[in-house]
Amino acid sequence: MVMEINNNKHEGDLIRLKCWVQNYDWGIIGNESLVARTFSSNCDCEIEESKHYAELWMGTHDSGPSYLVGEKGIGNVSLKSWVSENPEVLGDLVVAKWGVDLPFMFKVLSVARPLSIQAHPDKELAGFLHTLKPNVYKDANHKPEMVVALTEFEALCGFISFKELEAVLESVPEIMEVVGNAYPDQVLPVNVQNKEEKQTQFLQSIFIKLMSAESKVVSAAVTKLISRLNAENKTRQLTSKEELALKLENEHPHDIGVIASFFFNHVRLNPGEALYISPNEPHAYLGGESIECMATSDNVVRAGLTPKHRDVKILCSMLTYKQGSPEILKGVPVNEYTKRYNPPFEEFEVEQCVLDQGASVIFPAVPGPSIFLVLSGQGFMYTTSSAAAPSSSSSSSPMLSPSSSISPMSSPSSSSSSLTEGMVRGGDVLFAPANTEVHVSTESDLRLFKAGVNHLMFTKT
């Protein structure tokens, strides 16, 4: 039984998880949503065709906790409480660095329409905001994050270059109508000393002025912008940014975010590409489906394209105002089946593994915990911790030696499991304790993702 979990040691076992779904109104509706289909398979529940399915959460955050699964189904033991009572599953290095909790969250996103213009605070600001407004900012952690596109995935991310900004101020006169005509005089000549610093100051001043404008001024400017673009669309091809402005205004009429969108990089990820976002950087996801990973936090400071609480002053004061195109990660091959996406954050990295029918792969033991998401297909996952193994897998796995001692995935209620418990399929989510070598073999094509602590954390001396 699940409640017997605390009497057993589970080093080397894979633990099945049942996960949490978030039904935010920007999510894709019903069966069209990958989040809905994955959640339905994970929890063996029906999809409600009229409901929005936005995010599947895998991890320990209190706003969407995962639960352990025993022989009788979902119990009342959360992953967070179980990890707290079994800290050895995190590994000594992780406990020393982050305490007795999972340092990352893992998600699936299904985005039907644009999210808010937002940024996530660094640790110092997160602590302050949590103390100031605990009902809005529900934890004291920072939230660097990364998305890995499953479909074409669109986002606004970071500020455009200064050269692009100058062009925007020329081509979008409505901006000047909001911020005032004095601001163009601040655009600096090329050879000014401390050019980058002054350009940053200029961007900051004009962005703050824009975001702080009175609603009636904003409404008039947005109306004029949309009217102009609709007229010009009859005589010329609009730019992608101009088309985006029309789309945003349709979703959020008279919103300052419609004009602010011209300040940000418009990013289109192809499937398999990844985008990472540091704390204090502006962004807004616009559409598509993706895997997402982040530090364990749900702190969001919003300032546009949302009916939710806005903290314009905080957002404008926290941004770095760094300019230029964001880095797009393509993934680094780990082996013939697996690519690793390694952002510049200690808490997490993501691996994608695509196996052909009959193929197999080994995920080496690492000193920290991992979460596996089987996105599609069917196969077996097992470890090298005990004597039994799925016979169909051991015979078809060229990467395993005949003498390998392997065990099927076990439920937290038992020290041994039937062979079928080692079988996995799309929608299965599995927790792997630290120092666990995981073997995967397939009965059909299989695609999975693994989230874990950044491997560079374990190479530091």
Checklist line | Within-4.5 Å side-chain heavy-atom neighbours: Phe431 and Pro369 | finding: yes
Next item on the list: Would you indicate whether the side-chain heavy atoms of Lys143 and Asp298 approach each other to under 4.5 Å?
Entry: yes
Margin query: To check you understand the geometry: which heavy-atom pair defines the closest contact between Tyr276 and Pro343, and what is its length?
Written below: CB-CB, 4.0 Å
Next item on the list: Kindly state whether the ring of Tyr285 and the ring of Phe153 have centres lying under 6.0 angstrom apart.
Entry: yes
Margin query: Run Lys80 and Asp62 through side-chain contact (heavy atoms from CB on, under 4.5 Å) and show every step you take.
Written below: CA-CA 8 Å; Lys80 183 173 184 175; Asp62 292 336; 3.2 Å; yes
Notebook entry, point to check: Cation-pi between Lys18 and Phe39: NZ/CZ under 6.0 Å from ring centre and within 45° of the ring axis?
Noted result: no
Check: Is the CD atom of Glu32 crowded by more than 12 outside heavy atoms at less than 6.0 Å?
Finding: no
Next item on the list: Check the pair His142, Glu347 against side-chain hydrogen bond (donor to acceptor under 3.5 Å, both in side chains), reporting the backbone distance first and the verdict last.
Entry: CA-CA 11 Å; His142 68 165; Glu347 286 89 345; 2.6 Å; yes
Check: Do side-chain atoms of Glu249 reach the backbone of Leu246 as a donor and acceptor pair under 3.5 angstrom?
Finding: no
Note to self: Between Phe106 and Phe348, is the ring pair (Phe, Tyr, Trp, His ring centres under 6.0 Å) condition met? List the steps.
What the structure shows: CA-CA 9 Å; Phe106 202 20; Phe348 63 88; 9.7 Å; no
Next item on the list: Using a strict cut-off of less than 4.0 Å between a Lys/Arg side-chain nitrogen and an Asp/Glu carboxylate oxygen, indicate whether Asp311 and Arg302 qualify as a salt bridge.
Entry: no
Next item on the list: Mind running side-chain contact (heavy atoms from CB on, under 4.5 Å) on Phe449 and Leu150 for me, showing each step along the way?
Entry: CA-CA 11 Å; Phe449 287 84; Leu150 298 173; 3.6 Å; yes
Next item on the list: Quick one: do His283 and Gln118 satisfy side-chain contact (heavy atoms from CB on, under 4.5 Å)? Show the steps, please.
Entry: CA-CA 6 Å; His283 61 283; Gln118 59 185 253; 3.6 Å; yes
Margin query: A side-chain contact here means heavy atoms from C-beta on lying under 4.5 Å apart; do Val438 and Phe372 qualify?
Written below: yes
Note to self: Closer than 3.5 angstrom, by distance alone: can the side chain of Thr436 be matched with the main-chain N or O of Ala432 as a donor-acceptor pair?
What the structure shows: no
Checklist line | Thr60 side chain to Leu79 backbone, donor-acceptor under 3.5 Å | finding: no
Next item on the list: Determine whether the side chains of Ser81 and Ser78 contain a donor N or O and an acceptor N or O closer than 3.5 Å.
Entry: yes
Next item on the list: For this output row, return yes or no: ring centroids of Phe159 and Tyr321 closer than 6.0 angstrom.
Entry: yes
Notebook entry, point to check: Salt bridge check: are Glu349 and Arg340 linked by an N-O gap of less than 4.0 Å?
Noted result: yes
Next item on the list: Let me see the working for Val147 and Leu109 under side-chain contact (heavy atoms from CB on, under 4.5 Å), right down to the final yes or no.
Entry: CA-CA 9 Å; Val147 290; Leu109 304 186; 4.2 Å; yes
Notebook entry, point to check: Between the side chains of Thr442 and Gln357, is a donor N or O closer than 3.5 angstrom to an acceptor N or O?
Noted result: no
Note to self: I'd like to know if Lys330 and Glu273 make a salt bridge, using a cut-off of under 4.0 Å between side-chain N and carboxylate O.
What the structure shows: yes
Check: Do His130 and Tyr137 have their ring centres less than 6.0 Å from each other?
Finding: no
Item checked: Atom pair NZ/OG of Lys247 and Ser240 - distance to nearest 0.5 Å -> 12.0 Å
Margin query: How close do Gly288 and Thr151 get, counting heavy atoms only, and between which atoms?
Written below: CA-OG1, 3.6 Å
Check: Do the side chains of Met105 and Met58 get nearer than 4.5 Å, heavy atoms only?
Finding: no
Notebook entry, point to check: Could you give the distance from CH2 (Trp98) to CG (Asn141), rounded to the nearest 0.5 Å?
Noted result: 10.5 Å
Notebook entry, point to check: Are Asp139 and His61 linked by a side-chain donor-acceptor pair shorter than 3.5 Å?
Noted result: yes
Note to self: Keeping Thr131 on the side-chain end and Gly127 on the backbone end, is there a donor-acceptor pair under 3.5 Å?
What the structure shows: yes
Notebook entry, point to check: Could you give the distance from CG (Asn42) to CZ (Arg37), rounded to the nearest 0.5 Å?
Noted result: 14.5 Å
Margin query: Walk me through whether Ser278 and Glu281 qualify under side-chain hydrogen bond (donor to acceptor under 3.5 Å, both in side chains).
Written below: CA-CA 6 Å; Ser278 300; Glu281 296 295 342; 5.7 Å; no
Next item on the list: Without swapping roles, check the side chain of Thr338 against the backbone of Asn335 for a donor-acceptor pair under 3.5 Å.
Entry: no
Notebook entry, point to check: Hey, are Ser441 and Ser360 close enough side-chain-wise for a donor-acceptor pair under 3.5 Å?
Noted result: no
Item checked: Gln22 (side chain) donor-acceptor with Ser63 (main chain) under 3.5 angstrom -> yes
Checklist line | Over 12 non-hydrogen atoms of neighbours within 6.0 angstrom of NZ in Lys133 | finding: yes
Notebook entry, point to check: Are the side chain of Gln323 and the backbone of Ile160 linked by a donor-acceptor contact shorter than 3.5 Å?
Noted result: yes
Notebook entry, point to check: Does a side-chain N-to-carboxylate-O contact under 4.0 Å join Arg310 and Asp255?
Noted result: yes
Margin query: Using 0.5 Å steps for rounding, measure from the SG atom of Cys353 to the CG atom of Leu375.
Written below: 12.0 Å
Notebook entry, point to check: Distance from Leu56 atom CG to Ser66 atom OG, nearest 0.5 Å?
Noted result: 7.5 Å
Notebook entry, point to check: Where is the tightest heavy-atom contact between Ser261 and Leu156, given as atom of each residue plus distance?
Noted result: CB-CD1, 3.9 Å
Check: Does Asn454 reach the main-chain N or O of Leu456 with its side chain, forming a donor-acceptor pair under 3.5 Å?
Finding: yes
Checklist line | Residues, nucleotides or ligands: over 12 heavy atoms within 6.0 Å of Glu251 CD | finding: yes
Check: When rounded to the nearest 0.5 angstrom, what is the spacing between CG in Leu125 and CG in Asn280?
Finding: 6.5 Å
Next item on the list: Kindly say whether Leu102 contributes a backbone atom to a donor-acceptor pair with the side chain of Thr296 at under 3.5 angstrom?
Entry: yes
